[in-house]
A.B. asks: 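Take this structure, written in structure tokens, and hold onto it; I'll ask about it next.
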Amino acid sequence: MNAPDKAKEIKASLTLVISFLTALWGWLGWAVAVFIAAMAVDYITGTWAARARGEWSSAAARQGLWHKLGEITALLVAALCDIAISVVLHSTAAPILGAVPERHYLTLIVAIWYSFTELGSIVENAGLLGAPIPQWLKKGIALLRDKTDRGHGFPEE
């Protein structure tokens with residue numbers, strides 16, 4: 001098999017896997033996958049940045065892991081809220097409205113908000129590692145995070 005055929009085969013396989021996963025878990029699943037990947041990359045780049053500056057400590061690393069556990073817990077709470085809302089809608093509104101669609105808005109919003117938080121931290125870590133970071137990237141990530149927070153009617157802190 002020549003290289004172009006192999007490349008087509010790889011592309012087709014990748015497309016099949018991505019399509020299958022999207023059908024299986026939808027966009028919510030991808031949002032959670034992005035969040036988990038961003039969390040892992042943030043922890044790794046944070047560790048590298050601390051080591052590069054000679055500031056790494058196991059206590060700080062543990063604190064970072066506790067922080068990540070807190071984020072996961074908040075995401076699980078959002079998922080439980082979505083489930084509770086779904087149960088209430090199905091038990092009270094279904095007789096009136098008919099079929100009530102399954103929606104997981106809180107989980108999706110929390111996953112996206114945390115993803116932008118993690119991405120901002122990754123950019124900061126990259127800067128600490130010596131990479132030049134465009135100001136527009138920092139501002140863009142902060143803006144998207146703020147829009148996720150304020151764009152859905154939640155009160156500002």
Side-chain angles (χ1 to χ4, degrees), residues 6-87 89 101-157:
K6 189 65 175 172
K8 286 180 185 176
E9 189 177 300
I10 291 170
K11 288 179 191 177
S13 298
L14 187 59
T15 301
L16 177 69
V17 168
I18 291 171
S19 298
F20 173 75
L21 290 175
T22 301
L24 183 65
W25 63 26
W27 292 110
L28 175 63
W30 283 113
V32 172
V34 166
F35 164 61
I36 291 169
M39 236 183 5
V41 171
D42 178 47
Y43 188 78
I44 291 166
T45 58
T47 299
W48 290 344
R51 285 193 184 270
R53 292 187 326 268
E55 298 174 359
W56 188 88
S57 78
S58 59
R62 250 189 327 276
Q63 187 60 35
L65 289 173
W66 285 117
H67 179 82
K68 304 291 184 214
L69 180 61
E71 290 177 349
I72 292 168
T73 302
L75 186 64
L76 290 173
V77 167
L80 290 172
C81 287
D82 278 336
I83 291 168
I85 290 167
S86 177
V87 167
L89 284 177
E102 291 290 329
R103 296 287 186 246
H104 303 282
Y105 294 118
L106 293 177
T107 309
L108 182 62
I109 293 167
V110 171
I112 290 170
W113 187 83
Y114 275 128
S115 294
F116 286 130
T117 300
E118 295 292 337
L119 292 171
S121 182
I122 293 167
V123 167
E124 287 176 16
N125 293 337
L128 292 172
L129 287 166
I133 307 298
Q135 204 57 25
W136 57 264
L137 181 60
K138 292 180 193 178
K139 288 180 182 176
I141 291 171
L143 177 68
L144 289 168
R145 180 180 159 212
D146 291 346
K147 283 291 185 185
T148 303
D149 204 9
R150 285 182 282 170
H152 294 280
F154 298 119
E156 293 186 44
E157 292 181 12

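All residue numbers in this chain count up from 1 along the given sequence. Atom set for the values below is all heavy atoms of this structure, side chains included, hydrogens, waters and symmetry mates excluded.
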A.B. asks: What is the distance from atom CD1 of Ile122 to atom OH of Tyr43, rounded to the nearest 0.5 Å?
C.D. replies: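 The CD1 atom of Ile122 sits 14.5 Å away from the OH atom of Tyr43.
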A.B. asks: Identify the two heavy atoms, one from Ala111 and one from Leu75, that lie closest to each other, and give their separation to 0.1 Å.
C.D. replies: N-CD1, 3.6 Å
A.B. asks: So, taking the atom named OH in Tyr114 and the one named OG1 in Thr117, what distance separates them when rounded to the nearest 0.5 Å?
C.D. replies: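 Output value for this atom pair is 7.5 Å.
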A.B. asks: Are any of the side-chain heavy atoms of Leu144 and Leu119 separated by less than 4.5 Å?
C.D. replies: no
A.B. asks: My understanding is that only residues two or more places apart in sequence, or in another chain, count here; which of them pass side chain to side chain donor-acceptor pair (under 3.5 Å) with Thr22?
C.D. replies: Trp30
A.B. asks: What residue among Leu28, Thr107, Val87 forms side-chain contact (heavy atoms from CB on, under 4.5 Å) with Asp82?
C.D. replies: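 Single side-chain contact (heavy atoms from CB on, under 4.5 Å) partner of Asp82 among Leu28, Thr107, Val87: Thr107.
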A.B. asks: Could you tell me the separation between the NZ atom of Lys8 and the OG atom of Ser13, rounded to the nearest 0.5 Å?
C.D. replies: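 Answer rounded to 0.5 Å: 14.0 Å.
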A.B. asks: Pairs of donor and acceptor atoms involving the side chains of residues 32-40, under 3.5 Å and at least two apart or interchain, shall be tabulated with distances.
C.D. replies:
none

A.B. asks: Tell me whether Thr73 contacts the main-chain N or O of Leu69 through its side chain, where contact means a donor paired with an acceptor under 3.5 Å.
C.D. replies: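 Pair found, side chain donor or acceptor close to backbone of Leu69.
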A.B. asks: Given the rule in the side chain to side chain contact (heavy atoms under 4.5 Å, CB included) test, do Asp42 and Lys68 qualify, once you have shown the distances and angles that lead to the verdict?
C.D. replies: CA-CA 10 Å; Asp42 178 47; Lys68 304 291 184 214; 2.4 Å; yes
A.B. asks: To the nearest 0.5 Å, what is the distance between CG on Asn125 and CH2 on Trp48?
C.D. replies: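 Asn125 CG to Trp48 CH2: 10.5 Å, rounded to 0.5 Å.
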A.B. asks: What's the separation between atom CD1 in Ile83 and atom CG in Leu106, rounded to the nearest 0.5 Å?
C.D. replies: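 Rounded to the nearest 0.5 Å, the CD1-CG separation comes to 11.5 Å.
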A.B. asks: Hydrogens and angles aside, do Glu71 and His67 bring a side-chain donor and acceptor to less than 3.5 Å of each other?
C.D. replies: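 Indeed, the side chains of Glu71 and His67 share at least one donor-acceptor pair under 3.5 Å.
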A.B. asks: If I take atom CG from residue Leu129 and atom CZ from residue Arg53, how far apart are they, to the nearest 0.5 angstrom?
C.D. replies: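 Reported to 0.5 Å precision, the distance equals 8.0 Å.
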